[in-house]
Amino acid sequence: MTSQMHYYSVYGLTVASEFEMPELRVSNDNNVDVTIRRGDIDRPLPTNETGTRIELGPDLQIIDWTTIGKFNIVGTSEIVVDIKEGVSEALMRVPLLGSVMALLLQLRGQLVLHGSAVRMGEGSVGFLGDKMAGKSTTAGAFVSSGHKLLTDDVLPIITTGVPLVVPGFAQMKFTAESAAQMKISGAEVLEELIHPQFQKRQHSVQDHFSQELTKLGQLYILQRAKEPAIEEINATLQFQILVRFSFMHRFGKDSLRTLKGAEFTRQCAALADLHKVSVLRVPDDISRVFEVVPLVEKHLNG
């Protein structure tokens, strides 16, 4: 029996999926780039300490989570999902639209960073940093100030020609403390997902989302400080930051040998040569996060 397919637009792709994905914008485009389907994947769930398995190859990429299920990326146009019994589809979609899609996008030639981005006029800014560095909170301050969200968590960039940020979907993740500071009209708090690694609630921000490819203005690596400030850094450090905060780095050293490692290195070097990375010092006091907005606006337009 043929399953009903649902068609969506995300990360610049038209996706045909056997799973309903209410986070995504419905698409009427019949030119499908990626198909997502259910399947029985014949291997055990990982039992190692991290609870994850990543195996990379020429035509098949494997990403498994003990607590969620198994995912195969076949070539660059198919994802097969085997959900662990008892796990909700809503929970499964978090890694599917996160790390799994990030790997697929890298395979398709984009530079994929772990960060958030917002549209500012005709340009965009992105925020990079370690886990809980405040990427989503900083982006939320810009959205609260009238700018549009482009993507949260997975930040794909087309590096051929003028660098362009590829939009994701209209959803942001905030801790309770961060959410209390946000002033995003019409934002909807979504169902809480119970998982030991999820410390944030998802928020739908449909009215504050841009679906357009947007010229990259600047990327900022976030650092905590007493006072907000922007610091310029040399190209070597910019390159190192881009590598460190890429999904390729998260997938391990093997990814550089098996997944277009030379292309990835060229992408990072090209952005570094354009001086697209700066340091943004964000106040330790989360209630002052809005102070960085005019600072970045001036820097981007200056």
Side-chain angles (χ1 to χ4, degrees), residues 3-38 71 73 76-79 81 88-110 112-126 135-136 139-140 142-144 146-158 164-174 182 184-191 193 200-216 247:
S3 298
Q4 178 184 358
M5 301 301 287
H6 308 274
Y7 296 86
Y8 302 102
S9 177
V10 64
Y11 299 126
L13 304 172
T14 298
V15 175
S17 173
E18 290 188 17
F19 301 95
E20 291 189 68
M21 294 193 280
E23 303 92 337
L24 306 186
R25 181 169 61 95
V26 173
S27 174
N28 296 317
D29 190 347
N30 293 324
N31 296 314
V32 173
D33 299 298
V34 178
T35 301
I36 301 173
R37 64 178 181 85
R38 306 171 189 269
F71 300 80
I73 300 176
T76 60
S77 60
E78 183 180 34
I79 299 173
V81 182
S88 69
E89 290 188 12
L91 182 57
M92 177 277 295
R93 292 196 302 271
V94 175
L96 172 62
L97 294 174
S99 295
V100 177
M101 286 298 296
L103 178 50
L104 178 75
L105 293 169
Q106 189 72 52
L107 289 168
R108 295 178 66 94
Q110 298 177 18
V112 189
L113 304 175
H114 184 210
S116 302
V118 297
R119 183 181 177 105
M120 296 176 58
E122 297 303 312
S124 65
V125 295
K135 299 180 292 295
S136 296
F142 281 79
V143 175
S144 296
H147 300 293
K148 297 286 188 179
L149 175 71
L150 284 168
T151 186
D152 189 35
D153 196 48
V154 175
L155 201 176
I157 300 174
I158 297 172
L164 299 171
V165 173
V166 181
F169 53 100
Q171 198 171 99
M172 307 187 77
K173 303 182 184 73
F174 298 122
M182 297 300 109
I184 305 174
S185 61
E188 178 187 358
V189 183
L190 303 180
E191 172 190 0
L193 301 176
K200 301 180 179 182
R201 288 288 294 273
Q202 297 170 311
H203 295 66
S204 175
V205 292
Q206 293 290 343
D207 295 337
H208 305 272
F209 178 70
S210 174
Q211 302 170 359
E212 299 179 19
L213 288 170
T214 305
K215 180 181 177 181
L216 174 64
F247 272 87

Keeping the roles fixed (side chain from Asp153, backbone from Gly98), state whether a donor-acceptor pair exists under 3.5 Å.
no
Value rounded to 0.5 Å, distance of CZ in Phe19 from CE in Met5
10.0 Å
Please list all pairs meeting side-chain hydrogen bond (donor to acceptor under 3.5 Å, both in side chains) that have one or both residues in residues 95-104, counting only residues at least two apart or in different chains.
none
Under the side-chain contact (heavy atoms from CB on, under 4.5 Å) rule, collect the residues that match up with Asp207, sequence neighbours excluded.
none
Compare every heavy atom of Ile184 with every heavy atom of Gly140, then report the nearest pair and how far apart it is.
O-CD1, 4.2 Å
Tell me if a side-chain donor or acceptor on Arg93 pairs with a main-chain N or O of Pro95 at a distance below 3.5 Å.
no
Check whether any side-chain N or O of Gln110 sits under 3.5 Å from a backbone N or O of Leu105 as a donor-acceptor pair, and report yes or no.
no
Answer whether the closest heavy-atom distance between the side chains of Val15 and Asp33 falls below 4.5 Å.
no
Under a 3.5 Å distance rule, please check whether Arg201 uses its side chain to pair with a backbone N or O of Val189 as donor and acceptor.
no
Going by the rule side-chain contact (heavy atoms from CB on, under 4.5 Å), which residues pair with Ser204 if we only count those two or more places apart in sequence or in a different chain?
Glu188, Leu190, Gln206
What distance separates Leu103 CG from Ile73 CD1, expressed to the nearest 0.5 Å?
4.0 Å
For Ser210 and Leu150, work out which heavy atoms get closest and say how close.
O-CD2, 3.7 Å
Leu113 side chain near Ile157 side chain, heavy-atom distance below 4.5 Å
yes
Could you pull out all donor-acceptor pairs under 3.5 Å where a side-chain atom in residues 6-13 meets a protein atom, sequence neighbours excluded?
| from | atom 1 | to | atom 2 | distance (Å) |
| --- | --- | --- | --- | --- |
| Tyr8 | OH | Met21 | N | 2.9 |
| Ser9 | OG | Arg25 | NH2 | 3.2 |
| Tyr11 | OH | Leu97 | O | 2.9 |

Look up atom OG1 in Thr151 and atom CZ in Arg119, then write down how far apart they are to the nearest 0.5 Å.
14.5 Å
Using a 6.0 Å cut-off, check whether atom CD of Glu89 has over 12 heavy atoms from anything other than its own residue.
yes
Checking Lys215 against Glu122 for the salt bridge (Lys or Arg N to Asp or Glu O under 4.0 Å) test, could you report, in this order, the C-alpha distance in whole Å, the side-chain angles of both residues, the deciding distance, and whether it holds?
CA-CA 7 Å; Lys215 180 181 177 181; Glu122 297 303 312; over 6 Å; no
If every non-hydrogen atom of Val143 is compared with every non-hydrogen atom of Lys148, which pair is closest and at what distance?
CG2-C, 4.4 Å
Non-neighbouring partners of His203 that pass side-chain hydrogen bond (donor to acceptor under 3.5 Å, both in side chains), sequence neighbours left out
none
Between Asp152 and Ser136, what is the shortest heavy-atom contact and its length?
OD1-OG, 2.6 Å
Tell me, do His208 and Ser144 make a side-chain contact under 4.5 Å, heavy atoms counted?
no
Shortest non-hydrogen contact between Arg38 and Glu18, atoms and distance
N-OE1, 3.4 Å
Listed partners of Ala139 passing side-chain contact (heavy atoms from CB on, under 4.5 Å), at least two apart:
Ser116, Val118, Phe127, Met172
Minimum heavy-atom distance between Ser124 and Val165, given as atom pair plus value:
OG-CG2, 3.3 Å
Got Val166 and Leu164 here, is their nearest side-chain heavy-atom distance under 4.5 Å?
no
In this structure, CG of Leu96 is separated from CZ of Phe71 (nearest 0.5 Å) by 5.5 Å
